[in-house]
Every structure is written in C-alpha cells, then in structure tokens.
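Comments concern the structure below.
In this text, all values refer to a predicted model and were calculated from it rather than measured experimentally.
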Amino acid sequence: MRLLPYAVAVSALIYSPYNFANSIVQQHLDFGTLVIPSNSNISSVIIKADAEINTIGRIYVLEKGQPAELLLTDFPAHTQLTMQLVNSVTVQHNVQGSSSADFEVRLNGFPKSTITDDLGEAKVFIGGTLITKPSSKSYSDGDYSSTTNLEISIDY
C-alpha cells in the first residue's frame, strides 16, 4: 500500500487584447493523498472544477484534493471573458526516479467563459485527472509534484 500526496503547480500565460491582464494562482491542483495497493491495471482519480472527486480502478483517496484556482485580474468590470486553452496540457511523471512507476496528469474542466466582478477580477477553477500506468514497478511513498504552464487566450 502506498501513500502518495500529489499536487500540480499551475501557472498561466494570458493572451488578451487587454495588455495589462494578469493571473494569480490562488490554489494549485491537488490530488490529495492517494493509496494505490497494486499497479496491475489502469486507475485514475478525477477532480472536477467544482471539486467533485471520482475514482476508477484500484486507487483510493485518503485525503481529498481540490482543483486549481486562478484569479484573473485587471480586466474591465462586469465583462464576460471567453477563454480557450492555446495548447492542451498532459504531463508525464516519473519524479521518484526509475524505482517508481509512471503516471500521467491531464488538466480538465477548463471553463469556456466567466464574468468579472466589480474589481475586474474573476476566479477560474481547473480540474485534473491522474492516471496510473500498469507496471511491475510500484509507487514509492512520498510527495509527488510538478509544474505546468497554461496558455490561455481571452476575448471580451
């Protein structure tokens, strides 16, 4: 049985007609603490943008994680922002070295639009899926983390 706390640091690069737009990471995508008793089948943990968590296969959530939260700032107030990922994001992991099995992380649940508040800010929540890969190797106990960059195109 392995305990795997896992988080993905997400940063965003914004393309917008409004040159001063910015993003601030409020919370990294966090899969929580996972238990993977064996690695003979594909298993996954899915964290949706609304923080709902689902599992498939032989992977168990010991401590719940949460979606990434970005704060978009410096936009006009009360404006609908239409967003699109410039590139899809999939991250391959073998962060503990060759003694640990690999897994994959995909970002999901990216919203198509949001509306800014009185200050010209909007919160965006981004979910993810962690997928184990069948292997004769097991997962080493420890904290797993990685960083990925999002490129977001925003129109309004």
Side-chain angles (χ1 to χ4, degrees), residues 3-36 42-56 59-97 100-133 139-156:
L3 302 178
L4 306 171
Y6 186 81
V8 177
V10 177
S11 61
L13 176 61
I14 305 251
Y15 298 105
S16 167
Y18 197 66
N19 294 331
F20 301 106
N22 195 6
S23 68
I24 301 167
V25 176
Q26 301 290 303
Q27 170 63 50
H28 298 298
L29 174 61
D30 183 354
F31 286 96
T33 301
L34 308 174
V35 177
I36 305 171
I42 294 175
S43 298
S44 62
V45 173
I46 303 158
I47 297 184
K48 297 182 180 179
D50 66 1
E52 180 183 334
I53 299 173
N54 296 308
T55 61
I56 298 170
I59 191 167
Y60 305 95
V61 177
L62 197 60
E63 291 181 24
K64 288 184 177 184
Q66 53 198 357
E69 179 182 338
L70 297 178
L71 178 64
L72 306 178
T73 64
D74 303 318
F75 286 95
H78 308 289
T79 302
Q80 180 168 332
L81 306 177
T82 303
M83 298 174 288
Q84 179 179 343
L85 285 176
V86 174
N87 295 310
S88 62
V89 178
T90 300
V91 183
Q92 299 287 335
H93 297 274
N94 187 351
V95 296
Q96 298 292 332
S100 183
D102 293 338
F103 54 90
E104 178 180 318
V105 173
R106 298 179 186 157
L107 299 181
N108 60 37
F110 191 81
K112 292 182 174 31
S113 66
T114 189
I115 297 176
T116 60
D117 62 14
D118 293 341
L119 301 173
E121 299 178 344
K123 288 185 180 180
V124 175
F125 296 91
I126 303 167
T129 302
L130 181 141
I131 304 165
T132 65
K133 296 186 175 194
Y139 291 98
S140 302
D141 286 346
D143 292 339
Y144 288 72
S145 65
S146 64
T147 301
T148 190
N149 295 313
L150 296 178
E151 293 183 42
I152 305 169
S153 174
I154 299 179
D155 293 315
Y156 53 93

Under a 4.5 Å cut-off applied to non-hydrogen side-chain atoms, are Q27 and Q66 in contact?
-> yes
Mind checking whether T55 and Y60 have side chains closer than 4.5 Å, heavy atoms only?
-> no
When rounded to the nearest 0.5 angstrom, what is the spacing between NZ in K64 and CD1 in I47?
-> 10.0 Å
Answer yes or no: does atom CD1 of I46 have more than 12 heavy-atom neighbours from other residues, nucleotides or ligands under 6.0 Å?
-> yes
When you look at L70 and V25, which way does the side chain to side chain contact (heavy atoms under 4.5 Å, CB included) test go after all the steps?
-> CA-CA 5 Å; L70 297 178; V25 176; 3.6 Å; yes
Any side-chain heavy-atom pair from D50 and E52 closer than 4.5 angstrom?
-> yes
If you look at every heavy atom in P67 and A49, which pair is closest and at what distance?
-> CG-O, 3.5 Å
Value for CG (D30) from CD (E63), rounded to nearest 0.5 Å, stands at 9.0 Å
From T129 atom OG1 to N108 atom CG, the distance as rounded to the nearest 0.5 Å = 4.0 Å
Please assess I42 against K133 for the test side chain to side chain contact (heavy atoms under 4.5 Å, CB included), listing each intermediate value before the final yes or no.
-> CA-CA 5 Å; I42 294 175; K133 296 186 175 194; over 6 Å; no
K48 vs N54 side-chain heavy atoms within contact, under 4.5 Å = yes
Give, for atom CZ of R106 and atom CD1 of I131, the distance between the pair rounded to the nearest 0.5 Å.
-> 3.5 Å
Would a 4.5 Å heavy-atom cut-off, applied to side chains only, mark I126 and L29 as touching?
-> no
Check whether any side-chain heavy atom of V124 lies under 4.5 Å from a side-chain heavy atom of L81, and answer yes or no.
-> no
Straight-line distance of I24 CD1 to K123 NZ, nearest 0.5 Å | 11.5 Å
Just wondering, do T116 and L72 contact through their side chains at under 4.5 Å, heavy atoms?
-> no
Of all the heavy-atom pairs spanning T114 and M83, show the shortest one and how long it is.
-> CG2-CE, 3.7 Å
Please report the shortest heavy-atom distance between F31 and L130, naming the atom on each side.
-> CE2-N, 3.5 Å
